[in-house]
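For reference, the structure is listed below as structure tokens.
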Number of protein chains: 2
Amino acid sequence: MSGGKLDPIDRKILAELQADGRMTNVELAKRVGISAPPCLRRVRALEEAGFIRGYHAQVNSRDLGFEVQVFAMVGLNSQAEADLSRFEQRCRDWPLVRECHMLNGEIDFILKCVAPDLSTFQSFLTEELLAADNVVTVKTSLVIRGAKLEPGVPFDVLEARAAEIE
Amino acid sequence: MSGGKLDPIDRKILAELQADGRMTNVELAKRVGISAPPCLRRVRALEEAGFIRGYHAQVNSRDLGFEVQVFAMVGLNSQAEADLSRFEQRCRDWPLVRECHMLNGEIDFILKCVAPDLSTFQSFLTEELLAADNVVTVKTSLVIRGAKLEPGVPFDVLEARAAEIE
DNA sequence: CCGATTTGCGCAATATTATTTCGCATTCGG
DNA sequence: CCGAATGCGAAATAATATTGCGCAAATCGG
């Protein structure tokens with residue numbers, strides 16, 4: 001695993017842990033075809049090297065009382081790096097904003113937001129987001145339903161590419 | 001935990017497992033202030049009841065060779081339920097599409113896509129997405145950088161609300 | 001208000017799993 | 001062809017998960 005390159009076993013480990021992050025190490029080892037100790041060493045190395053950023057339980061936000069999900073497309077006045085960074089920091093400070101991506105094109109940022117109800121979101125929108133420095137336009141779209149929510153990366157595509165490269 | 005309602009310990013469990021999905025049960029028990037066996041029982045019950053949908057390792061897609069992330073805003077011709085469902089099924093079948101949300105407003109769907117490189121994405125865009133039945137407009141925006149990527153739900157907001165309700 | 005039922009805790013015992021240690025095989029550069 | 005480096009896996013040990021109770025507090029019908 002030295003030079004930062006991954007062999008097929010490493011990729012299999014990542015794929016399995018992406019699919020089930022609580023799999024026991026013995027089960028994982030069985031699936032990738034090596035014994036438990038080297039398997040654990042590989043997992044630790046992958047964590048250490050940053051290929052694995054963390055493990056998270058996927059909670060059902062609707063059941064938890066966050067009925068509203070919204071995508072907000074934000075346009076800024078100035079795209080100077082300092083202003084972009086300042087806006088990003090704002091987003092990090094807002095708990096209702098779960099994701100913030102800087103985009104190219106007319107939209108500068110897209111935010112994925114959650115809220116317990118519409119009025120909570122509206123308050124956030126008008127009092128926080130629209131009121132924020134440097135924000136010019138915000139277009140929001142309510143999520144009606146999530147049709148696909150796959151975490152991470154398509155490992156089947158990755159394997160196909162890896163096979164090509166060989 | 002009977003009627004589907006959550007007590008403060010359950011919420012703490014969810015918060016902790018959302019933050020670190022591989023935490024051992026003893027550590028979790030320690031943090032939420034009960035002993036290991038009832039803690040494990042609660043976790044199982046939360047999984048069973050669907051509050052926890054699964055556990056996933058968060059892999060670093062860029063390091064894995066998926067350099068390109070794109071948001072695609074899709075407009076359809078017909079919004080009849082059958083047509084919406086057909087499009088959603090298409091999205092589920094496309095590995096490069098990781099998320100698909102149905103929205104209100106002029107945009108019908110927003111897709112979060114990944115690809116190893118731009119040309120792979122362009123091929124997907126022209127040969128698959130734009131060529132798909134019922135698709136009228138697709139606006140794409142490249143992700144320049146991800147400024148905030150918090151999985152799940154803001155438990156601090158949840159706790160604040162829970163406190164109000166009491 | 002009281003006893004029966006329910007719910008949920010935690011101790012203690014057992015089964016699984018994680019982690020360390022170490023020796024062996026393979027690879028690689030000289 | 002040889003020593004160093006890498007990575008595997010068996011075996012031993014340390015932690016953890018899981019099960020099986022008994023017990024206490026809350027709930028409920030009378």
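Chain identifiers are assigned alphabetically (A, B, ...) following the order of the sequence lines, protein sequences preceding nucleic acid strands; residue numbering begins at 1 within each chain. Because the structure is predicted, anything quoted here is derived from the model rather than measured.
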Report task. Summarise how protein sits on nucleotides 9-22 of chain D as a single string, 5' to 3': B when a protein heavy atom is under 4.0 Å from the base, S for sugar-phosphate-only contact, - for no contact. Result -> BBB----SSSB---

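- Judged as a salt bridge (charged side-chain N to carboxylate O under 4.0 Å, His left out), the pairs with a partner in residues 101-110 of chain B (not counting sequence neighbours) are, in order, A:K139-B:E106.
- Using a 4.0 Å cut-off between charged nitrogen and carboxylate oxygen, A:E150 and B:R53 do not count as a salt-bridge pair.
- Aromatic ring centres of B:H101 and A:F71: separated by under 6.0 Å.
- Listed by chain and number, the residues in a side chain to side chain donor-acceptor pair (under 3.5 Å) with B:D93 are B:Q89 (sequence neighbours excluded).
- Around CZ of B:R90, the count of heavy atoms belonging to other residues, nucleotides or ligands within 6.0 Å does not exceed 12.
- The CZ-P distance, from B:R42 to C:dG8, rounds to 7 Å in whole Å.
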